[in-house]
Amino acid sequence: MSVLTTNYLTPTGREEAWRFTPLKRLRGLHDGTAVQSDRESLITKGALPSGVTFIRENLEPLSASDDVIIERVRGSASSVAHLAIAANTELTEPIFLGRSAGGMDTAEFSRVRISLGTHAVATVIVENTTDTVLAEDLEIYLAPGSNLKFVTLQEFESKSVYTARHHAIVDKDAIFKSITVTVGGDVVRILPTVAFKAPGASADLLGVYFATAGQFFEHRNHIDHAVPHAKSNVNYKGALAGQDAHTVWIGDVLIRAAAEGTDTYELNRNLLLSDGARADSVPNLEIETGEIVGAGHASTTGRFDDEQLFYLMSRGIAMADARRLVVRGFFNEIVSEIGNEEIQHRIMDRIDNELEKAGHNV
Amino acid sequence: MSTLEIRNLQVSVNTDDGMVEILKGVDLTIKSGETHAIMGPNGSGKSTLAYSIAGHPKYTITGGTVTLDGADVLEMSVDERAKAGLFLAMQYPVEVPGVSVSNFLRTAATALRGEAPKLRTWVGEVKSAMEALNMDPAFATRNVNEGFSGGEKKRHEIMQLELLKPKMAILDETDSGLDVDALRIVSEGVNRAKNANNLGVILITHYTRILRYIKPDFVHVFANGRIVEQGGPELAEKLEANGYADYVSK
Ligand SMILES: Nc1ncnc2c1ncn2[C@@H]1O[C@H](COP(=O)(O)OP(=O)(O)OP(=O)(O)O)[C@@H](O)[C@H]1O
Ligand SMILES: [Mg+2]
């Protein structure tokens with residue numbers, strides 16, 4: 001992937017995939033004007049257990065992508081940071097990856113691979129902090145019978161621009177679960193996508209996001225049911241507070257003709273905590289076979305439930321505390337799935353802080 | 001000794017067809033230790049009275065006053081009313097997703113007591129409050145009212161009544177949806193709260209059944225947005241026998 005001669009098509013904003021994204025704020029990631037840095041910021045935290053390696057190597061992409069920024073990343077990144085979990089390795093503790101080296105003047109183009117051998121079991125947590133301009137092509141392969149919980153935490157500082165594709169290829173009887181948390185950054189655009197490779201595979205894509213004044217967070221799920229008897233579930237929850245807070249959730253599920261016995265459901269719920277914020281939510285189910293177990297979607301966008309606030313306040317709880325409880329409760333369903341108390345507290349505290357910052361507008 | 005005074009209370013709700021007057025001048029005085037039963041036909045405004053006293057934003061007060069020991073209740077925010085000592089056990093308790101009962105109770109107790117209850121004693125306090133109402137301790141980790149059966153929601157309301165120790169409680173059809181055993185258990189909870197805190201009670205009900213457990217000092221007949229008759233416990237028996245025809249046709 002060192003051929004750099006391609007004339008990438010710079011998006012104009014009229015394309016379906018780019019119609020919500022504020023291209024002007026992407027710091028040149030989409031049009032080639034970003035200056036590439038030599039940062040390779042992704043590192044592991046702590047020693048790796050046996051059966052796990054993390055090395056940089058040259059690897060061909062596992063999947064095609066029609067995302068122009070991903071194409072640019074593939075044309076620019078010199079190597080792939082590869083976390084490999086060997087077959088039959090069953091990890092009880094999570095592996096932590098993180099990025100804390102950043103910079104706003106240059107852009108990092110990063111390729112990442114996470115691969116699980118057959119019957120490997122692991123939790124991988126990626127912690128993204130700092131102010132950075134980062135475009136990331138992250139591919140995951142789950143070999144037959146493996147099981148991965150993949151947690152990404154976008155806890156960026158306020159200027160960060162992050163665009164990424166997190167693509168999981170899920171093989172026979174493998175179980176993939178992702179939890180995508182986006183609570184920081186100026187522009188965050190993530191494509192959490194899944195392709196099933198063989199029957200019996202399942203994917204659970206969970207996410208939470210909280211955008212405050214001026215922030216733009218976009219999550220585009222795409223699940224490709226190309227094989228029979230795979231199961232997918234999507235549940236993304238977002239809250240918005242403050243002028244021009246803007247979130248986008250797209251849930252594309254494609255059930256191809258061959259995908260008999262598919263079972264899929266996707267849900268997106270948004271909580272609008274103030275005026276001047278905008279939540280776009282577009283579920284999109286394409287079904288090419290009727291021989292399925294189930295396929296459904298739901299999308300709701302609403303404000304604070306007056307009845308809930310009244311109930312809490314009627315027990316003496318002040319308005320601000322009642323709102324905090326309701327927002328925490330709203331996110332808790334998904335945050336609690338992370339399964340790590342320290343991180344869960346940190347994320348909930350961050351959400352409290354964001355809510356407080358937005359305070360007087362709420 | 002506390003007094004809740006409701007004077008000529010007039011309340012409207014905003015509907016698609018404009019403001020509709022529901023309460024047309026309610027007068028009622030409740031003192032500590034007294035139990036006032038309110039009975040009346042569906043839609044007569046009983047819950048409206050309860051919610052208006054508690055401060056539900058849906059209702060607009062168009063006239064009259066509500067005071068607790070002279071303090072203007074209608075000027076208070078919803079949480080201030082609770083802090084002043086008012087409690088509403090709701091006809092339809094609200095589900096709050098993702099908020100555990102134990103977190104909710106602790107937050108409420110902290111707000112009402114002005115400081116967080118000591119963890120050591122608090123856990124025991126909640127446990128015994130739940131046991132007293134025959135609630136499985138597992139309810140503490142469940143989300144507030146979420147998936148509770150109708151009767152479980154009502155028990156949860158009365159458990160809060162015992163735990164939060166208000167001065168005045170309005171019980172809006174707490175007896176509806178309770179089986180015979182639960183009715184007794186819940187009534188005992190109310191009586192414990194009455195005895196422990198000299199609680200004043202407004203008990204809204206459709207049935208005399210609960211009045212056998214919680215003895216009212218006064219019975220008020222509510223019809224068409226106002227109190228149309230008052231009496232002692234014998235009035236309840238009369239209503240059960242004759243219905244509200246006399247009052248509604250007037
Ligand atoms: N938003 C609204 N629009 C129109 N009418 C309303 C609205 N809210 C309340 N009402 C009316 O107010 C009246 C009083 O209702 P309320 O709930 O207080 O009655 P209630 O005496 O508690 O009845 P029940 O015994 O059935 O509980 C009812 O006729 C009801 O339909
Ligand atoms: Mg009612």
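Residue numbering restarts at 1 for every chain, and letters A, B, ... go by the order of the sequence lines. Just so we're clear, the structure is a prediction, and the values are computed from it rather than from any experiment.
Taken from CG in B:Asn103 to CG in A:Leu325, the straight-line distance is 5.5 Å, to the nearest 0.5 Å. Atom CZ of B:Arg106 is separated from atom CD1 of A:Ile317 by 12.5 Å, given to the nearest 0.5 angstrom.
Interface check for chain B: of the options A:Gln308, A:Arg315, A:Met319, A:Met313, the most heavy-atom pairs under 4.5 Å are formed by A:Arg315. Most heavy-atom pairs under 4.5 Å with chain B, from the set A:Leu312, A:Val326, A:Leu309, A:Asp306: that is A:Leu312. The residue among B:Leu164, B:Leu88, B:Leu86 with the most heavy atom pairs within less than 4.5 Å of chain A is B:Leu88.
Proximity to chain A is absent for every atom of B:Glu80, based on heavy atoms less than 4.5 angstrom apart. For A:Phe310, the parts sitting under 4.5 Å from any heavy atom of chain B are the backbone and the side chain alike. Heavy-atom distances place no part of B:Asn143 under 4.5 Å from chain A, backbone and side chain included. Heavy atoms closer than 4.5 Å to chain A are found in both the backbone and the side chain of B:Pro93.
The two residues A:Gly316 and B:Ala111 come nearest to each other via the heavy atoms O-CB, 3.1 Å.
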With a 3.5 Å cut-off and sequence neighbours excluded, list the donor-acceptor pairs that the side chains of residues 53-61 of chain B form with protein atoms.
residue : atom : partner  : partner atom : Å
B:His56 : ND1  : B:Lys58  : N            : 3.0
B:His56 : NE2  : A:Glu307 : OE1          : 3.1
B:His56 : NE2  : A:Glu307 : OE2          : 3.0

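For the pair B:Arg81 and A:Ser314, the minimum side-chain heavy-atom distance is 4.5 Å or more.
Applying the 6.0 Å contact sphere to CZ of A:Arg324 captures more than 12 heavy atoms from other residues, nucleotides or ligands. For A:Lys231, the NZ atom sits in a loose shell: 12 or fewer heavy atoms of surrounding residues, nucleotides or ligands are nearer than 6.0 Å.
The aromatic ring centres of A:Tyr311 and B:Phe104 sit less than 6.0 Å apart.
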